[in-house]
Trainee: 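Dropping a structure here in structure tokens format, bear with me for questions.
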Amino acid sequence: KKEEGGHDEL
Amino acid sequence: NIFRVLGDFSHLASIFILLHKIQQLKSCSGISFKSQVLYMLVYITRYLDLPWTSSPYNFIFKVLFISSELYIIYLMARAYKPTNDPNLDTFHVEFLLGFAGLLALLFPYKYTILEVFWAFSIWLESVAILPQLFMLQRTGEAEAMTAHYIAALGMYRALYIPNWIYRYFSEPTHKVDTIAVTAGILQTILYSDFFWIYYTKVMRGEKFKLP
């Protein structure tokens, strides 16, 4: 659930 | 990890408990419309990155939160508007918006639209429950469903705290999201007195009444 740059949590 | 998944499902559960209460009792009495509007603002400003969300898990939850919140607001503002009592929902939300706006402008991670709105959303979420808790204070009691709604909503962010601890120790590359953690702890603290009453009363099957 990795996300580049942005936030990876809700 | 499990804490975060439990947290997200607790969040989802809170929304469905609220929807169930409104549709079952055909009334939104005891629910703060102001808090619901603040949550709508939280989702919109936080999920501006919806179009390029890479993880399907996050994408689905973001869509679910935005759509269910829109529906709740529709129910409260249109379908069951007569059961809305604005005289009880009197918290000054401008203080909350100012608080979140100020912190978002002072301490964003980056001065980009997305990051400033994200920080705004995080800080706003940490205080968005206040109108609801304030209303509860004024009415002095709440239906069990409303108490379950607030409890599930509070649990969601409370579960993010062990999630952050877990990630700190288990993911070497994980950098601590200081804004989310600080606001998350503040948010959970705001629920603490409610949790105590909820735990002592509702768990014993009693009606939710403030002492």
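Side chains are part of it too, since the values below use all heavy atoms of this structure and drop only hydrogens, waters and symmetry mates. Note on naming: letters A, B, ... go to the chains in the order of the sequence lines (proteins, then strands), and numbering restarts at 1 for each one. Quick caveat: nothing in here was measured; it's all calculated off a predicted structure.
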Trainee: Apply side chain to side chain contact (heavy atoms under 4.5 Å, CB included) to Leu10(A) and His11(B), showing your working.
Mentor: CA-CA 10 Å; Leu10(A) 290 171; His11(B) 190 183; over 6 Å; no
Trainee: Please check if the number of heavy atoms outside Phe59(B) that lie under 6.0 Å from its CZ is greater than 12.
Mentor: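 No, the 6.0 Å shell around CZ holds no more than 12 heavy atoms from other groups.
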Trainee: More than 12 foreign heavy atoms under 6.0 Å from CZ of Phe117(B): is that the case here?
Mentor: no
Trainee: Just wondering, more than 12 heavy atoms not from Tyr109(B) lying within 6.0 Å of its OH?
Mentor: yes
Trainee: Within a reach of under 6.0 Å around CD1 of Ile113(B), are more than 12 heavy atoms found that belong to other residues, nucleotides or ligands?
Mentor: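 Not buried by this count: 12 neighbours or fewer within 6.0 Å.
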Trainee: Within a reach of under 6.0 Å around CZ of Phe169(B), are more than 12 heavy atoms found that belong to other residues, nucleotides or ligands?
Mentor: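 Check fails, neighbour count at 12 or below.
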Trainee: Heavy-atom cut-off 4.5 Å, strictly under: side chain, backbone, both or neither for Tyr47(B) against chain A?
Mentor: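 The answer is the side chain of Tyr47(B).
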Trainee: With rounding to the nearest 0.5 angstrom, report the NE2 to CG distance, His7(A) to Leu114(B).
Mentor: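 If we round to the nearest 0.5 Å, His7(A):NE2 and Leu114(B):CG are 8.5 Å apart.
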Trainee: For a quick check under 3.5 Å, do Glu9(A) and Asn163(B) share a side-chain donor-acceptor pair by atom type?
Mentor: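 On atom types as modelled, these side chains qualify, holding a pair under 3.5 Å.
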Trainee: Between Asp8(A) and Arg167(B), does a side chain to side chain contact (heavy atoms under 4.5 Å, CB included) hold up when you go through it step by step?
Mentor: CA-CA 12 Å; Asp8(A) 66 354; Arg167(B) 295 189 69 182; 2.7 Å; yes
